[in-house]
Structure formats: structure tokens, C-alpha cells
2 protein chains.
Amino acid sequence: MSQFENVTAVKKANIYFDGKVTSRTVVFPDGTKKTLGIMLPGEYEFGTDTKEIMEILAGELKVLLPGDSEWITISGEGEFTVPANAKFKLQIETVTDYCCSYIQE
Amino acid sequence: MSQFENVTAVKKANIYFDGKVTSRTVVFPDGTKKTLGIMLPGEYEFGTDTKEIMEILAGELKVLLPGDSEWITISGEGEFTVPANAKFKLQIETVTDYCCSYIQE
């Protein structure tokens, strides 16, 4: 799906790490939400509230998922899932475009 | 208006200047579009196709509008309009969140 129809787009950006990670929130008719974001090169740690499905639309990066000892490499497109209430690390090597889905369980 | 309802959000980002300027496109039911974007500190020149109304949601920046010799300072919130087929310059001093409306005339 290249676009999301009949959604509500929140005007103000979500800004983290001095603007090196930013996103926009999109809310769907069923109340679920996704964020469409950009990460610039750097190393970041994030924490989740809900389960998150991170779809990488473009970029070169490495991901360390909670409990793992080996980094996963994503080049171009990819996807990973992070459980609720967990922390994960990212090493962003090139400008990365992503879509994050928040899954209430 | 803090959010846009019943819109189509394009999934992939628009990426300029190595990711220092990025935006997401939102299309309205009447076919008009806006972009919601982030600019990181730096100096940029942009060209317009249509008339553009740039609403600054947050940020510290200076704008040089086409034909002007004096920079306009925006601190926090502000707005400026650029005619179609023109160039304008920006000096972004802090992370800047914006909403750009494209006006077909």
C-alpha cells in the first residue's frame, strides 16, 4: 500500500534526538495508529509501550532487538517487530524512511 | 486546526538535502495537497512550482523571499507566502516543523 486513505493526520511532528528522528502520526478509522518517520545517521535506543511493527521503506541500518546479542542488518526495505514494554537499539547508517504500526494486544 | 481529517497520507517520505529537509504529503478530498515537514539547521534554497503558503509550527529561522533584500525572522510560529515559479532561501537555526500548502491559481 503506497498511501493510507481516509485517515487523520496529526499536524505537529514528533521530534526526538534533536530532530535526528522525527515522525508524523496517522490515525485510522478503527482508531489504530501508525507513525511515518525519518531517522538520520546515528545510534539510538527506543522503548516501546505497545507492540510495534517497524516497516523500513528505505535505508541502511542495523537493529538490536530485545534479548538478542546479534544485530540484524536491513538494507533497502525490511521489517521487524518489537514486543510491548521493551527496548531496542538502532544503528542508522543512511537516511531511513519508516512506517511504525502500534499494535494493541 | 491541529489535525487533518479524511485525508490520504502518502507513505514514502520526500527527502531533500541528505535528509536534512524531509516531508510527508497529505492529499485532501478536494484534491489539494499539503506537506508536513521538518528542516534541520542549515541553509537551503527552494524553488516553487505553485504558490506556496508556509506555516511554521515551531522553529527559529530566517527567510529571504524572492525579490527581497532583507531576511524575515520567524521565532516559534509564523507564516509566509511564496509566489509560483520563484526561489526563496531559508536559514534554519533550530529544528523547524512546518506545514506547506500548495495553491493552484
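These numbers were taken from a predicted model, which means no experiment stands behind them. Here is how names work: the chains are called A, B, and so on, in the same order as the sequence lines, proteins then strands, and each is numbered from 1.
Residues A/Arg24 and B/Leu57 come closest through the heavy atom pair NH1-CD1, 4.4 Å. When every heavy atom of B/Ala13 is checked against every heavy atom of A/Asp97, the shortest pair comes out as N-OD2, 2.9 Å. Taking every heavy atom of both residues into account, A/Ala9 and B/Val26 meet most closely at CB-CG2, 4.2 Å.
Taking hydrophobic clusters as Ile, Leu, Val, Met, Phe, Trp and Tyr residues chained together by side-chain heavy-atom distances below 4.5 Å, A/Val10 does not share a cluster with A/Tyr102. A/Ile74 and A/Leu65 fall within a single hydrophobic cluster, where Ile, Leu, Val, Met, Phe, Trp and Tyr are joined by side-chain heavy atoms under 4.5 Å apart, directly or via other members. One hydrophobic cluster, built from ILVMFWY side chains closer than 4.5 Å, holds both A/Tyr16 and A/Ile92. In the hydrophobic clustering of this structure, B/Phe28 does not group with B/Ile53; members are Ile, Leu, Val, Met, Phe, Trp, Tyr whose side-chain heavy atoms approach within less than 4.5 Å, directly or through other members. Note on B/Val82: it does not cluster hydrophobically with B/Leu64, by side-chain heavy-atom contacts below 4.5 Å among ILVMFWY residues.
Residue B/Glu77 qualifies as open at atom CD: its count of foreign heavy atoms under 6.0 Å is 12 or below. More than 12 heavy-atom neighbours from other residues, nucleotides or ligands sit within 6.0 angstrom of CD on B/Glu45.
Of the two parts of B/Leu36, the backbone and the side chain both hold a non-hydrogen atom closer than 4.5 Å to a non-hydrogen atom of chain A. In this structure, chain B has heavy atoms under 4.5 Å from both the backbone and the side chain of A/Val7. With a 4.5 Å cut-off on non-hydrogen atoms, A/Thr22 touches chain B through its side chain but not through its backbone.
How far CD of A/Gln3 is from OG1 of B/Thr8: 5.5 Å, rounded to the nearest 0.5 Å.
Between chain B and the options A/Gly37, A/Ala58, A/Pro41, heavy-atom pairs under 4.5 Å are most frequent for A/Gly37. Interface summary for chain B: among A/Lys11, A/Lys12, A/Lys20, A/Glu55, the most heavy-atom pairs under 4.5 angstrom belong to A/Lys11. If you tally non-hydrogen atom pairs under 4.5 Å between each of B/Leu40, B/Asp18, B/Thr94 and chain A, the highest count goes to B/Leu40. Chain A forms more heavy-atom pairs under 4.5 Å with one residue of B/Thr96, B/Val95, B/Ile38 than with any other, namely B/Ile38.
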